[in-house]
Amino acid sequence: SDNCNVASVVASPASLVSGVNTVTWTVTDDAGNTNTSTQIVTVLDAENPTIATLGPIDVNSDAGVCTYTSSQLTAPTTSDNCNVASVVASPASLVSGANTVTWTVTDDAGNTNTSTQIVTVLDAENPTIATLGPIDVNSDAGVCTYASSQLTAPTTSDNCNVASVVASPASLVSGVNTVTWTVTDDAGNTNTSTQIV
C-alpha cells in the first residue's frame, strides 16, 4: 500500500533455482519511493526424468562363468529438467539365455523412470577336457574288438554346463587305437583330446 499510489511490485531474482531461494519483493510508488520484504521460496523438482528404450541385444557370458554383469551394458539415453543422478541396470547379474533388464534413471530429487531391454547371454566359451595317458584293455568277450563306451571318460568342465563326453570310434580293433574324446557343452561349443588305447 502507499499514501499516494503504488506504481509496481517486483520480485527478484526473476528466475529461481532448484532448492531454497530468497526472493526480494520491491514495491515502488509513483514518486519513486521504495520498500522491500523478503520471502523464502523452495523450488521442488516434481518432474520425472526421461529414459530411452533400447532394443534387444546379445552378449557373451563373462570369462569362466555362465553369467554376465549388467554394469557392462551401455546405458540408455536419459535427461531431466534438473539433473540426472544415476542410471542403474537390474538385475546386477544376468543368467544364460534371455533376460529382461530394467533400467532405472533417478534425478537429484529422487524422481525416477524406467525402461526395459531384452539381453540374451550367450555361451561362447569352449569347455575344457583333460588328456588321458595310454591304457591297455582286453577285447570284449567273444569278439576281437572293444566298445569305447566302456572307457573311463576324461575330466571335463565348462563355464555353463557339459552336455556330453563321447569317445570315437565307437568300436576299437585289436592293437593300437587313437581314441578321440569330444566334450560338448549346452551351447554346442566343443573341445577334444586324444588317448591311445
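Atoms considered below: every heavy atom in the structure, side chains included; atoms not considered: hydrogens, waters and symmetry mates. The chain is numbered in sequence order, starting from 1.
- A side chain to side chain contact (heavy atoms under 4.5 Å, CB included) with T114 is found for one member of T53, T106, T104, I51 and no other, namely T104.
- Minimum interatomic distance between P76 and W103 (heavy atoms only, all atoms of both residues): CD-CD2, 3.3 Å.
- Side chain of S115 to main chain of A52: a donor-acceptor pair is present (N/O by atom type, distance under 3.5 Å, no hydrogens or angles).
- A distance-only check finds no donor-acceptor pair linking the side chain of N189 to the backbone of D185 [under 3.5 Å].
- At distances below 3.5 Å, at least one donor-acceptor pair connects side-chain atoms of N21 with backbone N or O atoms of V41.
- Applying the side chain to side chain donor-acceptor pair (under 3.5 Å) test to every pair with at least one member in residues 135-144, sequence neighbours left out, gives these pairs: D140-Q150.
- Residue pairs meeting the disulfide (SG to SG under 2.5 Å) criterion with at least one partner in residues 60-95, sequence neighbours excluded, are C66-C160.
- With sequence neighbours excluded, no residue forms a side-chain hydrogen bond (donor to acceptor under 3.5 Å, both in side chains) with N48.
- Looking only at atom types and distance, the side chain of T38 has no donor-acceptor partner in the side chain of T22 under 3.5 Å away.
- A 4.5 Å side-chain heavy-atom check between V59 and L122 finds every atom pair outside the cut-off.
- Residues V105 and V84 have side chains in contact (heavy-atom distance under 4.5 Å, counting atoms from C-beta outward).
- Between I40 and V20 there is a side-chain heavy-atom pair separated by less than 4.5 Å.
- Remark: N99 pairs with no residue by the side-chain hydrogen bond (donor to acceptor under 3.5 Å, both in side chains) rule, at least two apart or across chains.
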Determine, step by step, whether T78 and T50 satisfy the side chain to side chain contact (heavy atoms under 4.5 Å, CB included) criterion, reporting the C-alpha distance in whole Å, the side-chain angles of both residues, the deciding distance to 0.1 Å, and the verdict. CA-CA 5 Å; T78 61; T50 63; 5.7 Å; no
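- Cluster membership check: V179 shares its hydrophobic cluster with I135, using side-chain heavy-atom separations under 4.5 Å among Ile, Leu, Val, Met, Phe, Trp and Tyr.
- With sequence neighbours excluded, the residues that form a side-chain hydrogen bond (donor to acceptor under 3.5 Å, both in side chains) with D186 are N161.
- The distance from atom CG of D158 to atom CD of E125, rounded to the nearest 0.5 Å, is 7.0 Å.
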Please report, to 0.1 Å, the donor-acceptor pairs under 3.5 Å made by any side chain of residues 85-94, with sequence neighbours excluded.
none

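- Contact annotation: the side chain of L54 never approaches that of L73 to less than 4.5 Å [non-hydrogen atoms, C-beta and beyond].
- Formation of a donor-acceptor pair under 3.5 Å by the Q117 side chain with backbone atoms of G55 is found in this model.
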